[in-house]
Structure formats: structure tokens, C-alpha cells
Amino acid sequence: MSASLLPLAVLALLLVVHGDGIRWWWAALSDGSVHAAVVVAAAGGVVADVHRRGGLPRVPARPHVVGVVLIAVAGLGQWVGRPLQVGVVDAAWVWLTLAGVVGVWGPRALRQSAAPLLLGALVLPRMGHLEALVGVPLRLATAHHVATLLGSLGLDAVDQGAVLMVEGRATAIDLPCSGVRSLWTGLAFVVGAAWLDGRRFGPRLAGVAVVVGSWLVVANALRVAVLVVVDRSGWPGADVVAAVIHEPLGVMGFATACAVGWGLLRLVRPSRPGPSTSRSPRRSRLGARAPWVGLLTLGALVLAFPRAVPEPSDPSMAPPTGLTAVVPPSVELQRVADQHGRLSMSRFDPGQLVGPAADLSGEVVVVWGTSVRAQHRPDICLRASGATVDVVVPGVVGDRDVRTAVVDTVDGPARVLWWFQSTDSSTGSHAKRLLEGLWSPEPRVLVSVLIRDADGVPDLADPAVDALVDRLADHAADLLSDSEPVLARLEAP
């Protein structure tokens, strides 16, 4: 194969090897989000930059070792991680491959392409990933520091996870209030502004990004504090005022952060135009073609020995003993199956359970899984079904930490409570479940129960609720007792 065709063959092979990641990128850019705008802006900037430099540089006959290593690492990473089928990871290998393609011209080309590569990296984590990885810790930190601030002002304020208890009333700091979207947009602003203004990418620009990010976090915490104070003031129409100023306060904080960032860019040195990365084509010799041949061979081996993707197994499992099984919706079954989890839904009527819980009725959902994406907060499903869910607050049943809320359903008012259980711990905090799941593949069970009694909404201190929770916790412990036998038992008809 001639030297001129080798790079084209490698590029074509890379498109095939990273097909899963490229499809993820396409889905991310076609969902109508701001991600597409960022990539379009980056692509436009690249075209303008190429035109300013007098066109594309020639492909080097001998690629730089930096580019070869990046492309090779991305190919091997894609091969190793393929059975996991994690879209954002597949897309990250595509991004690393893109950086490697730029790197075949050497480190200087990578520095010159830092802005579009960074903007591309911002597209990798969709908001759902960012809200889980960054938004959850931000919510916890915001609740803690706002409670401290309000306490210093003389208010009775404590934080319980991502819930603020102020003067006996609960305020949940939900994902939109975490500030992660402002952080994402602010970082995109810093990178784009530095690129357009011709500033050098380096430690000083990183310092500007840290200042802008810190400003946004503090501004968001102050916004939450102001909204809580206004809402709890007792003034006539205070709730209306809080709703009206909610978004303007956020815009004000973001605008001031961008203004500060733009001013600090004056302290960043202008970038110096480097020499052209174009090279005269070398004579086609075996030594010059060896890196291209090596990449071509590696890609061929990855395609020749593909890693098998495990097929989703039957996600249904038996409900707790004594409860009536309910067929889950096919959408929920498919979602759990995609994450290799197990799901059961059941119900119970008054008198169906024996003992203290005999007067209760309701529905139970149990989800077994190792992936954080197999389990989510039950109140989200309840709201999606049309139910009205009050503020979710922490609670304790016996010695078990739970989350609970009063729910208004078509069948009347009820109480929902849930917890996430592992072999040695239990928590009602979805945030804690997410953080623990990032570091440990240990299986966990989500238990969610919607309960009613003769009076409508039972109290958490009711012995009947305690008895029901103990019964369901024993069922969850049985599921977690041993992974292999449990899986075999769950898959049995």
C-alpha cells in the first residue's frame, strides 16, 4: 500500500472501530440540546482557523509518536470496554482518537487545537451524567453552606442531605438548583472567549476557569439563600415573589461571572502564531510507514477479535412473599434489562399481610442492580404518572434511614417511602447511592413502597409501617445474600 493511502486506510478503520462512540455523538448532537450549538461553533472556528492558516497541512509521512500513542490507547480502550456498553465512555474514546489524529502533526498541533478539543470534551458528559457526577455533590455542599449562612443570621436551619429544614419547613435543592448547568456553560464561555480573543491555553487560563467556576457556585448558593429567606418571610405574596425572582437571580449571577472572566482574560498572554505544521512529504520508506502500518494492524486485530456484548437477561423477578405480583410496564422492564438489573412490582390489600401491618394497603417496587442507572428516585416515576408529590424529606423507620413524601394519587392520598440497601448498609439518599455506586460494583436493592391505612396517610412512627419495612428489608437482604445464587434464583421461572 502506498504511503499516501495508508493514512486514509487508518482513518477508515478508525470510523469502523469506534462506530458505537460515533453513534453516541450523533445522538448527543441531534437531541436539540445546547451541545449541538457548542460543536457547531467549534467546527466553525476550526474552518475559520484553517482558512487563516492557508489550508489543511499535509499529512506527515511519519506520524508523531504522541498521535500514534493516543490513537492506539483509544482503540485498545474501546476494545476492552465494549462489553460494558457505556455510551459516554465509547464517546470518550472517539474524542481521544480525534486528539490523536491532531497529534500526528506533533504537540504543537495539539496546543493550537486546544480550544476545539476542549469544547468537544464538554459535549461528552450529557447533563444527566453531569448532574449525577457533579450536581449531586454540589447540591449537598449548597445545602450545607446555605444552612450555615442562615444559621448565622439567626434562623433555625439545618441540612439533611440535599434538603434544607428552615424554621421547621423543608426545602429540597433539586437538580436544576445544583448550578451544574451554569458551571458547564461558564466553562464553555471561558474556552470560547479565550479562543476568539487569541489567548494562550495554559495555567493562567485554567486559573480564570477556576475563578469563574467558584463565582458561579457561590452565586448559586446565595441565590438559594435569598429564595429561602423570601419564601419563609411570611410577607403577603412571598411565594409569588420568590417564583418571579428565581430565574433573574440566576441570570444575574451568571452574567457577573462572565464579566469577571472576560476581565481576567486580559491577564492571559496572547497566543503566539507558531510555524506551519505543514511538512514536505518524505520518501516512502519502510521506517516512515511503520507507525501507519502498526495502527492499521492494531485496528484490524480489534475488528478481527471483537469483545462479546452480553445480552440483556430476563429482568423480572418474584415479588416479596405474600404479596400479589403485578406485571411491570414493558418500558420499565426494558430500561432495567438494559442495565442488567432485576425488577418486581406487587401490591397488597387490607388484611392480606399478617401481624401489625394487616391494616395497610399499597404497592411495592423492588429493583436489584449493580449499575447506578438501574435505579432512580421513585418520586420521579410518581410525578411522571400524574401524581402530586409533596416535598421529599428524610425520615427514620426503626433504625433505617429512608426518604418519604405525601402523595396525592387517583386513589387518594398515600405515603411513599424508599431506601437503597446493600449487604452492610442502608440509605434513603439517592445522592449517597450514586456516589457509592461510582466506586463499588456491589449490588444494591431499591425498595419503594406506596402505603395507605384506614385514615389515608400513615405516620412513619406507626408500628404497622415499621413491621412492613422490616419485612421488605428482609426480602432485600435475601436478594443480596449471595450474588450468583440470587441471580440463578431470580432467573428461574
Side-chain angles (χ1 to χ4, degrees), residues 33-35 37-38 122 125 127-128 130-193 208-265 379-380 383 389-393 431:
S33 69
V34 70
H35 288 160
V38 171
L122 285 175
M127 283 305 164
L130 279 178
E131 286 166 346
L133 299 175
V134 182
V136 170
L138 276 179
R139 291 167 61 201
L140 298 176
T142 300
H144 174 73
H145 291 295
V146 170
T148 302
L149 175 62
L150 296 180
S152 67
L153 298 177
L155 295 176
D156 180 17
V158 295
D159 63 295
Q160 297 179 344
V163 178
L164 271 174
M165 300 295 294
V166 182
E167 303 293 334
R169 295 177 60 186
T171 300
I173 301 178
D174 53 11
L175 286 175
C177 291
S178 66
V180 69
R181 294 177 182 269
S182 296
L183 274 178
W184 185 91
T185 311
L187 184 56
F189 169 81
V190 171
V191 174
V208 173
V210 170
V211 171
V212 171
S214 302
W215 189 290
L216 288 170
V217 171
V218 173
N220 183 65
L222 291 176
R223 176 175 70 102
V224 172
V226 170
L227 291 174
V228 171
V229 169
V230 172
D231 189 50
R232 300 293 186 267
S233 65
W235 304 332
D239 55 338
V240 177
V241 173
V244 169
I245 66 175
H246 185 278
E247 291 189 5
L249 285 177
V251 172
M252 185 184 305
F254 182 78
T256 54
C258 289
V260 169
W262 181 258
L264 291 177
L265 282 179
D379 59 312
I380 297 175
R383 290 189 175 95
V389 183
D390 203 353
V391 176
V392 176
V393 297

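Only a predicted model underlies this, so the values are computations on that prediction, with no experimental measurement involved. All residue numbers refer to positions in the sequence shown, counting from 1.
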From the options T148, V146, T142, select the one residue that forms a side-chain contact (heavy atoms from CB on, under 4.5 Å) with H144.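 Per the side-chain contact (heavy atoms from CB on, under 4.5 Å) rule, the option paired with H144 is T148, out of T148, V146, T142.
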Can you tell me which residue among V208, V212, V190 is in a side-chain contact (heavy atoms from CB on, under 4.5 Å) with L264?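 Considering V208, V212, V190, a side-chain contact (heavy atoms from CB on, under 4.5 Å) with L264 is found only for V208.
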Check whether any side-chain N or O of S152 sits under 3.5 Å from a backbone N or O of L149 as a donor-acceptor pair, and report yes or no.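 Present.
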Atom pair OG1 (T256) and CG (L216), whose distance is rounded to the nearest 0.5 Å: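 Interatomic distance, T256 OG1 to L216 CG, rounded to 0.5 Å: 7.5 Å.
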Between [X] and [Y], what is the shortest heavy-atom contact and its length?
| X | Y | answer |
| --- | --- | --- |
| S182 | F254 | O-CE1, 3.8 Å |
| A209 | L187 | CB-CD1, 4.0 Å |
| C258 | F189 | O-CE2, 3.5 Å |
| G151 | A157 | N-CB, 4.4 Å |

Flag the pair L138 / L183 as yes when at least one side-chain heavy-atom distance between them is below 4.5 Å, and no otherwise.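 Of all side-chain heavy-atom pairs linking L183 with L138, at least one is under 4.5 Å.
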4.5 Å side-chain heavy-atom contact, S214 and V211: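 In short, these two side chains do not touch, never coming nearer than 4.5 Å.
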